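What follows is a set of notes on a single structure, which appears directly below.
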Amino acid sequence: MSCFLSRSARSRALALLCCACAGLAQAAPVATVHDAAQAQRQPMLDTMRDLVGIESGSKDLQGLQQLAALVAERLKTLGGQVETIAPTDITRLSDTPEQVGSMVHAEFQGTGSKKIMLIAHMDTVYQKGMLKDQPFRIDGERAYGLGIADDKQGVAAIIHTVALLRELGFKDYGTLTVLINGDEEISSPGSRNTITRLAADQDAVFSFEGGGKQGNLRLATSGIGAAYLAVTGKTSHAGARPEGGVNALYELAHQVLQMKDLSQPEQGLKLNWTLAQAGTVRNVIPGQATAQADARSLKVADFDALEATMRQRIQQKLLPDAKVDLRFEVRRPPLEATEASRRVAGHGVAIYKELGLPMKVLDVATGGGTDAAFAGVKARGAVIEGMGLSGFGAHSNDAEYVQIETIVPRLYLAARMIMDISRDGVPLK
C-alpha cells in the first residue's frame, strides 16, 4: 500500500479536517455574539419593566393600544418598516369581544435570501387595576410582574434579539418578520389568519412563549376545541301537568352520557363535559338546557373526525320532540412536529451546548396550545415554540416570574439561530 494520497484523496481529507476544526471551534460560544447578548441583559430587564408597567388584558383596548405604540416605536428605532394592524378578518368564537387588540407588524430587510419570523403576544389574562398592587419587581434572580412570563418577556426578547443583530451589523437574512399580537389569551380570533398567512412562506418561525422552568423547546402543542350542546324542549307545570312538557334536562343528560366515550387518550384525543345548565325554577319542566365540553387533540384531522361523530350521535334522541343543536369550535389547532422543526431544534441544542447548558426538545404535545399552531397550519419551514425565557406562574396572581439568568443564553440562542439559518448553517431540508 502506498503511503502517498492521490490529489482527490488529499482534497477529501483536507475538507474533513476543515469540518472537524469548525466543529471544535463551535464547541465554545461565539465571543462577539455572546458579548452582544451580555450587553442586552440590563436593557432587556428595563424593557420588561416598561411592558409590565402597561396593563394589557385581552379586552383592555386602551391598554393594548398604548402597549402596541410602545412596541412599534422600539421596532422603528431598530430600523424596521412597522405598521399597526387593526384586525378586520375576525373569527367569531363564543367569547370573542366586538373589538380585539391590534397587531404590530415589522419587516427588516437584509441582504440574503432566508425568511425568518419571530412571534409573541402582548395581551394578558389580568384585569385592569391589578397593576397598582403588583408592580414589576426583582427578587434575587427572578423578575416578577403581571404577564411577564406570558408573554411580555417574549416581546422583550424579540426586541432585544433584533437589537443584538443590529449591534453586530448582521443583515445576512433576506427578511426578518416580527408579529406581536394582542389577542392570544382569547384564542387569537383577530390575528390567527394573519399569523398563518405570514408564516406560510417562512424558512423558520420562532415563537417566544416561555420555555418553562427547564427552558425546553417545543415542536408540538395540543389543539384546543370546544363543543356546545343546546337542547330545546317544552315547558310545563312540573306538578300539575309534567306530561305536557318536553324535558330538555332529560335530553341533555342523555346526549352527554352517550358522548362520554369519545375520548381516545392513547392518541391524545380528549373530550370532557365541564359545564351544564337547565331550567329556571323548581316546579317547571325545563324547556332549555345547555352543556359545554373541552376538547384536546394532537392532530388536526382528529378534531374533524370528533365533530363528525358528535353530529351523528345527536341524531339518537331520548325524546323525539326535543331539538338538539351542536356547535363545535377549533379554538386553536394542534402544532405537529415536522422533520424541518426537528433539524432546526437540534441545531438549537448544539448552540446551547456551546454555553455548557442542557436543553430538551419536546416533540410530543405536553401542554396547552399557542399561536405557534396557527403558524404551523400552512408552514413550509420549521416552527419552534418556547424560545422565550425560563419562568413559572403564568396566569397566577402575584406569582408570575422569569429567571433573569436565562436572558443572555436565550438572546444568544435566538441570535445564533437566525445567523446560522441565514448563512445556510442549518439543514432546513
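No experiment lies behind these values; they were computed from the predicted model shown.
Side-chain atoms of Ser191 and Asn181 include a donor-acceptor pair closer than 3.5 Å. Using modelled atom types and a 3.5 Å distance limit, the side chains of Asn193 and Asp89 yield a donor-acceptor pair. Side-chain atoms of Gln264 and Gln267 include a donor-acceptor pair closer than 3.5 Å. Judged purely by distance below 3.5 Å, without hydrogens or angles, the side chains of His121 and Asp371 never pair a donor atom with an acceptor atom. There is no side-chain donor-acceptor pair under 3.5 Å between Tyr228 and Thr290. Checking Thr370 against Glu209 by side-chain atom types alone, no donor-acceptor pair falls below 3.5 Å. Under the 3.5 Å distance criterion, with hydrogens and angles disregarded, no donor-acceptor pair is assigned to the side chains of Asn247 and Glu251. Side-chain atoms of Arg423 and Tyr173 include no donor-acceptor pair closer than 3.5 Å. Side-chain polar atoms of Ser297 and Lys270 form no donor-acceptor pair below 3.5 angstrom. Inspection of the Gln66 and Gln62 side chains reveals no N or O donor paired with an N or O acceptor under 3.5 Å. For the 3.5 Å distance criterion, the side chains of Gln153 and Tyr401 fail to qualify, holding no donor opposite an acceptor. Side chains of Gln315 and Gln312: no donor on one and acceptor on the other come within 3.5 Å.
Using a 4.5 Å heavy-atom threshold, the side chains of Met417 and Phe206 count as touching. The closest side-chain heavy-atom distance from Thr91 to Thr96 is not below 4.5 Å. Leu389 places a side-chain heavy atom less than 4.5 Å from the side chain of Met48. Thr32 places none of its side-chain heavy atoms less than 4.5 Å from the side chain of Asp35. Counting heavy atoms from C-beta on, the side chains of Leu198 and Leu179 come closer than 4.5 Å. Here the side chains of Ser390 and Gln214 are not in contact, with every heavy-atom distance at 4.5 Å or above. When side chains are defined from C-beta on, Thr175 counts as touching Glu107, because their heavy atoms get closer than 4.5 Å. The shortest side-chain heavy-atom distance between Arg92 and Pro189 does not fall under the 4.5 Å cut-off.
The environment of NZ in Lys323 is sparse: at most 12 heavy-atom neighbours from other residues, nucleotides or ligands sit within 6.0 Å. Counted within 6.0 Å of CD on Glu141, heavy atoms from surrounding residues, nucleotides or ligands total more than 12; the atom is thus considered enclosed.
Between the Thr221 side chain and the Pro334 main chain, no donor and acceptor come within less than 3.5 Å of each other. The backbone N or O of Leu257 sits nowhere less than 3.5 Å from a side-chain atom of Lys260 that would complete a donor-acceptor pair. Proximity of a side-chain donor or acceptor of Lys317 to a complementary backbone N or O of Val324 within less than 3.5 Å is not detected. Between the side chain of Asp123 and the backbone N or O of Gly57 there is no donor-acceptor pair closer than 3.5 Å. A donor-acceptor pair is defined here as one N or O able to donate and one able to accept, closer than 3.5 Å; no such pair exists between the side chain of Glu329 and the backbone of Leu93. Checking side-chain atoms of Thr338 against main-chain N and O of Ser341 turns up a donor-acceptor pair under 3.5 Å. In terms of modelled atom types and a separation under 3.5 Å, the side chain of Gln403 and the main chain of Arg142 share no donor-acceptor contact. In terms of modelled atom types and a separation under 3.5 Å, the side chain of Arg296 and the main chain of Gly223 share no donor-acceptor contact. Remark: side-chain polar atoms of Glu400 are paired, donor with acceptor, to backbone N or O of Asp150 under 3.5 angstrom. For Arg192 (side chain) and Ser187 (main-chain N/O), a donor-acceptor pair under 3.5 Å exists by modelled atom type.
Pairing each heavy atom of His347 with each of Val426, the nearest pair is CD2-CG2, 3.5 Å. Contact detail for Ala199 and Val205: the closest heavy-atom pair is CB-CG2, 3.9 Å. A pairwise comparison of heavy atoms in Ala227 and Phe328 identifies CB-CD1, 4.0 Å as the closest pair. The two atoms that bring Pro97 and Ile186 nearest to each other are CD-CD1, 3.7 Å, heavy atoms only. The heavy-atom pair separating Ser222 from Ala365 by the smallest distance is N-CB, 3.5 Å.
Taking the charged nitrogens against the carboxylate oxygens, Arg327 and Asp325 have no contact shorter than 4.0 Å, which rules out a salt bridge. Taking a cutoff of 4.0 Å between a charged side-chain nitrogen and a carboxylate oxygen, Arg313 and Asp261 qualify as a salt bridge. Residues Lys114 and Asp424 are paired through a salt bridge, judged by an N-O separation under 4.0 Å between the basic side chain and the carboxylate.
In this pair, His34 and Tyr412 present their aromatic rings perpendicular. The plane angle is above 60°, beyond the 30 to 60° band.
Paired with Asp203 under the rule salt bridge (Lys or Arg N to Asp or Glu O under 4.0 Å), one option of Lys429, Arg343, Arg380, Lys115 passes, and it is Arg380. When each of Met122, Arg74, Glu83 is tested with Val104 by the rule side chain to side chain contact (heavy atoms under 4.5 Å, CB included), just one qualifies, namely Met122.
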message: Quick one, Tyr352 with Arg416, criterion side chain to side chain donor-acceptor pair (under 3.5 Å). Give me CA distance, side-chain angles, the key distance, then yes/no.
response: CA-CA 10 Å; Tyr352 241 45; Arg416 281 290 312 281; over 6 Å; no

- prompt: Run the salt bridge (charged side-chain N to carboxylate O under 4.0 Å, His left out) check on Asp302 and Lys299 step by step: do they pass?
  reply: CA-CA 5 Å; Asp302 287 348; Lys299 296 181 179 179; 5.8 Å; no

field: Residues His395, Glu185; criterion side chain to side chain donor-acceptor pair (under 3.5 Å); working and verdict
entry: CA-CA 10 Å; His395 299 194; Glu185 299 291 1; 3.2 Å; yes

message: For Asp60 and Thr124: C-alpha separation, side-chain torsions, deciding distance, then whether side chain to side chain contact (heavy atoms under 4.5 Å, CB included) applies.
response: CA-CA 9 Å; Asp60 181 1; Thr124 75; over 6 Å; no

- prompt: So Gln255 and Ile314, side chain to side chain contact (heavy atoms under 4.5 Å, CB included) or not? Walk me through it.
  reply: CA-CA 7 Å; Gln255 293 294 339; Ile314 65 173; 3.6 Å; yes

field: side chain to side chain contact (heavy atoms under 4.5 Å, CB included) assessment of Gln99 paired with Ile90
entry: CA-CA 9 Å; Gln99 292 180 286; Ile90 300 175; over 6 Å; no

field: Residue pair Leu176, Leu118: steps toward the side chain to side chain contact (heavy atoms under 4.5 Å, CB included) verdict
entry: CA-CA 8 Å; Leu176 188 61; Leu118 315 177; 4.2 Å; yes

- request: Given salt bridge (charged side-chain N to carboxylate O under 4.0 Å, His left out), test Glu73 with Lys76 step by step and report yes or no.
  value: CA-CA 5 Å; Glu73 183 57 36; Lys76 285 179 184 176; 5.1 Å; no

message: Set out, in order, the CA-CA distance, both residues' side-chain angles and the distance that settles side chain to side chain donor-acceptor pair (under 3.5 Å) for Lys152 and Ser56, then state yes or no.
response: CA-CA 10 Å; Lys152 292 187 176 183; Ser56 56; 3.0 Å; yes

